[in-house]
Asks: 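Sharing a structure, written as structure tokens. Questions coming.
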Amino acid sequence: MNVSADIEQFILSELTQGRGITEIDASENLLSKGIVDSHVVMELVGFLEQRYGIAVGDGDLSPENFESVASIEAFVGRKRNGQT
Amino acid sequence: MLMELLYQSASSRPDDVALVYRDERVTHAELLDRAERLAAGLAAEGIGPGDAVALLLPNDPTFVAGYYAISGLGGVVVPVNPAFKQDELEFYFRECDVRAVISDDRGAGVCERIVAGWDEPAQVIATSAAHGQALTVDMLMQAEPAKLDKRSAEEPVVYMFSSGSTGRPKRVARTHGQVRGESEYYAWMGIAPEDKIFCTIPLFHTYGMGCCMLAATRTAATLVMLEDPNPFLLRRQRALELLEAEGVTIYPGVPFNFRLMAEAPASADLSSVRLAFSAGTALPRPFFDAFLDKFGVPVRQLYGCTEAGTLTANLDEDPVATFASVGQPVEGVEVLIEDEDGRIVPPLTVGEIAVKSPGLTSGYSDMEELNRQAFRDGFFLSGDLGQLDEEGRLTITGRKKLLIEVGGYKVDPIEVEDVVVAHPKVAEAVVVGVETKVQGEELIKAVVVPNDELDERDLIGFCQQRLANFKVPQVVEFREEIPKSPLGKILRKYLI
């Protein structure tokens, strides 16, 4: 499973139950749709840290890194390449 | 009656900015025009006096225009948390017998599914036609604006819901006179047309409705709305930028906001902020100190409740010395402390907080027994514990009701228990709040006696389908039995 599909699967199975959401477009805005809210954002961060062996710092916590599956994938890619 | 606030601000300051939202600046006159157009559009769809209309919207100009439009028509506004799941929304809609729902894109589909099976039709009005909705806010606003009639002080204008005691939230109706009465506090507090009020707390909540929306409209101040404030962890930098760029003067927030801003990697110049308020739950001293150290702004505590709106505010000259106090009652509000027998206790003695206020509801809808217990001689027994000092400052010390504090929300454990025990593999369950390493914030833990093999994720998923995320247990503990006293009372202290 590629990173994008992996992230989408996590969001669908863990964060969106009860909303009737069965798929997420990679560019869909997870923040404005309330899929990633204050109560699940740290769950998502924990998943990324554990799954990809990255450390998410305070400075990484911006909407640009988490607003869509595509932006999360790009963020994970940067972290794995040692970029900030 | 409430709409008069908007007529006054549009008349006294027509060209001043009422709302800042993204790149949009809406003047008081434009806000009035939007409210009148929307009211005319709603009236054309058959909405009239006494009809309940739900607002399932984020903080944005449509929420504000919608609120005043419905109130101006004599309808009853039902502000609802957009994070609610289908079952929760249906409960609120049915309790209020809503005739229409104004929803943004993400909620419109769920609302249509809910009302589709109703005998009495209810309309879903979407903020756009993105998902093929037949009726949109833009369509309604094509109507010609018309001045709205005055409403009487006794007419209900808003239905909100209060948690605690009963499992299901209790409906609180407040009238034009009561909400208008609350609006006067904000002028008394010295909020003026030159002020800019920052809005990150939800307008569907009493605190946001009062301290942000009513305060701004009553005083013709500007409401600076942070778009998409959640998750605040990701939005704190934008919040800091907006506070500085707009020269915000008043900031009502919750402890969670102030902590995250104090911990943010970047800083901002918040020297324009003359009043920062914290409410919803007690402000821990470390958060107060961290915010003061970083930004030079002391956060003052404020106290209110769904039943009455704002009640007290710490407006002391030296808020550092009295940081733990939620302040003295605002003008027109009386606060008493009572013992278990209903006798008033002397200063510095802890008891239950009783309040009397022009903003106070007349009681919970359809709950006579509870009303007899909670409303007495014009006072409301809040269920909170506290004490008054010699100068009449109130300090909250605890509460009688079982509630769990989660990120500024109060969660009724009984409501969560009702969902947990509905799982077919749960024989018995108790839900408790567990302190986290962050002072003042709790985790929701479900202690469960299963009657079959049950997986934690399965149970959490079951709850996620039925409850808003902030009510879902984060931890499940399996036990063979729930500890109880000889009389069968659950011993919650052994579950925390």
Side-chain angles (χ1 to χ4, degrees), chain A residues 7-25 27-51 54-76 78-79 84, chain B residues 22 56 58 60 81-89 104-107 109-110 113 200 202 227-239 254 256-257 260 263-266 406-409 411 419 436 438 441 443-444 457-458 460-472 474:
Chain A
I7 294 166
E8 183 187 345
Q9 183 56 40
F10 172 78
I11 294 171
L12 286 174
S13 63
E14 302 294 328
L15 309 184
T16 62
Q17 294 202 37
R19 296 187 181 199
I21 299 171
T22 53
E23 59 181 345
I24 299 172
D25 188 273
S27 61
E28 198 169 334
N29 193 315
L30 304 171
L31 306 178
S32 65
K33 296 206 166 177
I35 293 171
V36 173
D37 65 16
S38 290
H39 304 279
V40 300
V41 66
M42 289 314 294
E43 205 174 330
L44 176 60
V45 168
F47 166 75
L48 298 177
E49 289 186 323
Q50 194 174 26
R51 185 68 157 223
I54 60 173
V56 180
D58 274 356
D60 297 320
L61 297 169
S62 68
E64 293 73 28
N65 289 337
F66 291 90
E67 67 186 3
S68 66
V69 170
S71 60
I72 297 170
E73 181 185 23
F75 166 66
V76 168
R78 287 196 300 276
K79 295 299 283 188
T84 54
Chain B
R22 298 185 191 273
L56 189 67
D60 66 7
N81 187 343
F84 282 162
K85 303 289 169 59
Q86 184 166 334
D87 289 356
E88 296 166 299
L89 291 174
D104 68 353
D105 291 348
R106 63 176 162 148
V110 174
R113 285 200 293 278
T200 62
E227 68 282 0
D228 302 326
N230 288 315
F232 196 73
L233 183 64
L234 305 184
R235 299 293 291 164
R236 59 186 170 180
Q237 189 54 40
R238 168 70 179 150
V254 294
F256 178 69
N257 299 135
L260 290 181
E263 291 173 354
V406 185
Y409 290 107
V411 176
V419 172
T436 65
V438 180
E441 291 178 23
L443 277 176
I444 300 177
R457 289 304 315 165
D458 177 28
I460 289 175
F462 180 83
C463 294
Q464 281 177 328
Q465 289 178 24
R466 292 160 176 83
L467 294 168
N469 285 347
F470 66 88
K471 299 179 194 170
V472 174
Q474 293 109 314

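All chains are named by letter (A, B, ...) in the order of the sequence lines, taking the proteins before the strands, and each is independently numbered beginning at 1.
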Asks: What's the separation between atom CG in Asn230(B) and atom CG in Leu31(A), rounded to the nearest 0.5 Å?
Replies: 9.5 Å
Asks: Would you mind checking which part of Val406(B) comes under 4.5 Å of any heavy atom in chain A, side chain (CB onward), backbone (N, CA, C, O), both or neither?
Replies: both
Asks: Does the side chain of Ile35(A) come within less than 4.5 Å of Arg106(B)'s, by heavy atoms?
Replies: no
Asks: Could you pull out the closest heavy-atom pair between Pro231(B) and Val36(A), with the gap in Å?
Replies: CD-O, 3.4 Å
Asks: So, Gln464(B) side chain and Glu14(A) main chain: donor-acceptor pair closer than 3.5 Å or not?
Replies: yes
Asks: Rounded to the nearest 0.5 Å, what's the gap from CD on Gln474(B) to CE on Met42(A)? Could you check?
Replies: 12.5 Å
Asks: Start with the C-alpha distance between Asn469(B) and Asp37(A), add both sets of side-chain angles, then the distance that settles side-chain hydrogen bond (donor to acceptor under 3.5 Å, both in side chains), and finish with yes or no.
Replies: CA-CA 8 Å; Asn469(B) 285 347; Asp37(A) 65 16; 3.2 Å; yes
Asks: Which value, rounded to the nearest 0.5 Å, describes the distance between Glu263(B) atom CD and Leu61(A) atom CG?
Replies: 11.0 Å
Asks: For Arg236(B), which atoms come within 4.5 Å of any heavy atom of chain A: side chain, backbone, both, or neither?
Replies: side chain
Asks: What distance separates Ser62(A) OG from Arg238(B) CZ, expressed to the nearest 0.5 Å?
Replies: 13.5 Å
Asks: Against chain A, label Phe84(B) side chain, backbone, both or neither, depending on which of its atoms sit under 4.5 Å from a heavy atom there.
Replies: neither
Asks: Looking at side-chain heavy atoms only, is the closest gap between Phe470(B) and Ser38(A) below 4.5 Å?
Replies: no
